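Scroll down for the structure; my scribbles are underneath it.
In what follows, chains carry the letters A, B, and so on, assigned in the order in which the sequence lines appear, proteins first and then strands, with residues in each chain numbered from 1. Keep in mind it's a predicted model, so treat the numbers as computed, not measured.
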2 protein chains.
Amino acid sequence: MATVEKKSRNTRQQKLILQALRQTDRHPTAEELYEKVREAMPRISLATVYRNLMKLERLGQAQVFKAPGEKRRYDGNVRTHAHFRCRNCKRFFDFDGSNGVFGSLERELGQWSREDFEVEDYRLELIGLCGDCR
Amino acid sequence: MATVEKKSRNTRQQKLILQALRQTDRHPTAEELYEKVREAMPRISLATVYRNLMKLERLGQAQVFKAPGEKRRYDGNVRTHAHFRCRNCKRFFDFDGSNGVFGSLERELGQWSREDFEVEDYRLELIGLCGDCR
DNA sequence: TTTTTATTGGGAGGGATTATTGTTAATGAC
DNA sequence: GTCATTAACAATAATCCCTCCCAATAAAAA
């Protein structure tokens with residue numbers, strides 16, 4: 001049975017949350033975004049922040065990262081890029097492909113595509129020890 | 001005080017709207033007719049489309065169907081016929097009486113007629129799940 | 001033609017619908 | 001147990017359809 005998609009509303013809260021998310025590359029948690037958005041809208045609820053982050057993910061405007069035992073972290077940068085998570089200090093970095101590491105990965109992905117499916121994008125998260133923790 | 005019926009003018013807009021309405025059996029919404037008529041008259045206003053649809057109904061040249069929470073749908077076919085509305089996908093079909101269902105309905109209607117009133121016509125709208133949504 | 005006035009375009013406004021909110025409580029992972 | 005996240009629900013507000021407004025236009029009458 002064809003499901004009727006209900007349509008989304010562009011609320012003030014949603015705009016503020018997306019804006020706060022894009023203003024940083026520090027991959028904030030919901031709690032951190034909550035504190036930030038509260039500066040502009042003191043009465044906003046934490047549940048609203050969570051709900052909007054879910055919605056933004058559904059809309060392709062945000063990415064969510066979850067590691068066992070860690071809080072969820074959010075990213076408003078939807079250009080394809082990789083992340084590095086330090087298993088010691090738990091920091092979560094952007095990791096760009098400027099060193100050419102990803103070129104070969106992407107060639108590989110291209111080869112996986114066949115007539116019945118096509119790899120269009122990827123998500124890559126690297127875990128290890130960061131420079132400070134080594 | 002007798003209300004003076006003001007006389008109607010046959011405008012270019014009215015002609016185009018009626019023509020567009022008769023060219024389809026898809027029971028368009030005002031918005032859809034607006035888009036269609038705009039091809040021939042780009043500067044026509046949506047309000048004009050609504051106004052003319054009201055007028056055409058008054059003149060007996062169109063029928064209007066309204067279900068709660070749904071947009072109004074218009075039909076340029078003024079011969080008596082039934083409709084089927086799918087509660088899921090919201091499509092709105094013509095429903096002809098070729099299977100004999102309406103024969104008995106009409107006999108029934110005939111019996112309701114008495115000296116003080118007479119059933120001359122009917123409007124029948126069926127709501128359910130269409131084939132695709134079942 | 002000129003006059004009369006129904007009708008138009010376009011934006012603003014209103015009522016109805018319903019997605020979203022704030023709150024508190026419940027859940028569930030660890 | 002603790003703490004991150006979600007559910008429940010009545011109140012709120014975003015949005016959708018449609019209508020109103022009014023100066024400008026154009027159909028029909030004179």
### Query
What string of B, S and - do you get for nucleotides 3-10 of chain D, 5' to 3', if B is base contact, S is sugar-phosphate-only contact and - is no contact with any protein heavy atom under 4.0 Å?
-SBBBB--

### Query
Any side-chain N or O of B:Lys7 less than 4.0 Å from the OP1 or OP2 oxygen of D:dA27?
no

### Query
Would you say the side-chain atoms of A:Glu35 pair up with the backbone N or O of A:Glu32, donor to acceptor, closer than 3.5 Å?
no

### Query
Toward the 5' end of DNA chain D, which comes first, B:Ser8 or A:Gln13, by nearest nucleotide?
A:Gln13

### Query
Under 4.0 Å between a side-chain N/O of B:Thr48 and OP1 or OP2 of C:dG9, yes or no?
yes

### Query
Taking atom P of C:dT21 as reference, at what distance in whole Å does atom CG of A:Leu53 sit?
11 Å

### Task
May I have the distance from A:Leu59 (atom CG) to C:dA19 (atom P), rounded to whole angstrom?
15 Å

### Query
The side chain of A:Thr11 lies closest to which of these nucleotides: C:dG9, C:dT20, C:dA6?
C:dT20

### Message
Exactly one of B:Asn52, B:Val37, B:Ile44 should register a side chain to side chain contact (heavy atoms under 4.5 Å, CB included) with B:Leu16. Which one does?
### Response
B:Val37

### Message
Please confirm whether the shortest side-chain N or O distance from A:Asn52 to OP1 or OP2 of C:dT21 is below 4.0 Å.
### Response
yes

### Task
Measure the distance from CD on B:Gln14 to C1' on C:dA6 and round it to the nearest whole Å.
11 Å

### From CD (A:Gln61) to CZ (A:Arg22), nearest 0.5 Å
5.5 Å

### Summary
Contacts of B:Pro42 and A:Ile44 projected onto DNA chain C by closest heavy atom; the upstream (5') one is B:Pro42

### Message
Between C1' on D:dT25 and CZ on B:Arg9, what's the gap in Å once rounded to a whole number?
### Response
10 Å

### Query
Rounding to a whole Å, what distance do you find between B:Leu16:CG and C:dG9:P?
10 Å

### Task
To the nearest 0.5 Å, tell me how far A:Gln14 CD sits from A:Leu59 CG.
6.5 Å

### Task
Answer yes or no: is there a donor N or O on one side and an acceptor on the other, between the side chain of B:Arg73 and the main chain of B:His27, under 3.5 Å?
yes

### Query
Rounded to whole angstroms, how far apart are NZ on B:Lys55 and C1' on D:dT19?
17 Å

#### Entry: Backbone N/O of A:Glu70 and side chain of A:Lys66: donor-acceptor pair under 3.5 Å
yes

### Query
In whole angstrom, what separates A:Lys15's NZ from D:dA14's P?
8 Å

### Message
Whole angstroms only, please: what is the CZ-C1' distance between A:Arg43 and C:dT24?
### Response
14 Å

### Message
If you count every heavy atom of other residues, nucleotides or ligands that lies below 6.0 Å from A:Lys55 atom NZ, does the total exceed 12?
### Response
yes

## Note on the structure
Checking D:dA27, C:dT21, C:dA19 against the side chain of A:Lys6 (C-beta onward), the nearest is C:dA19

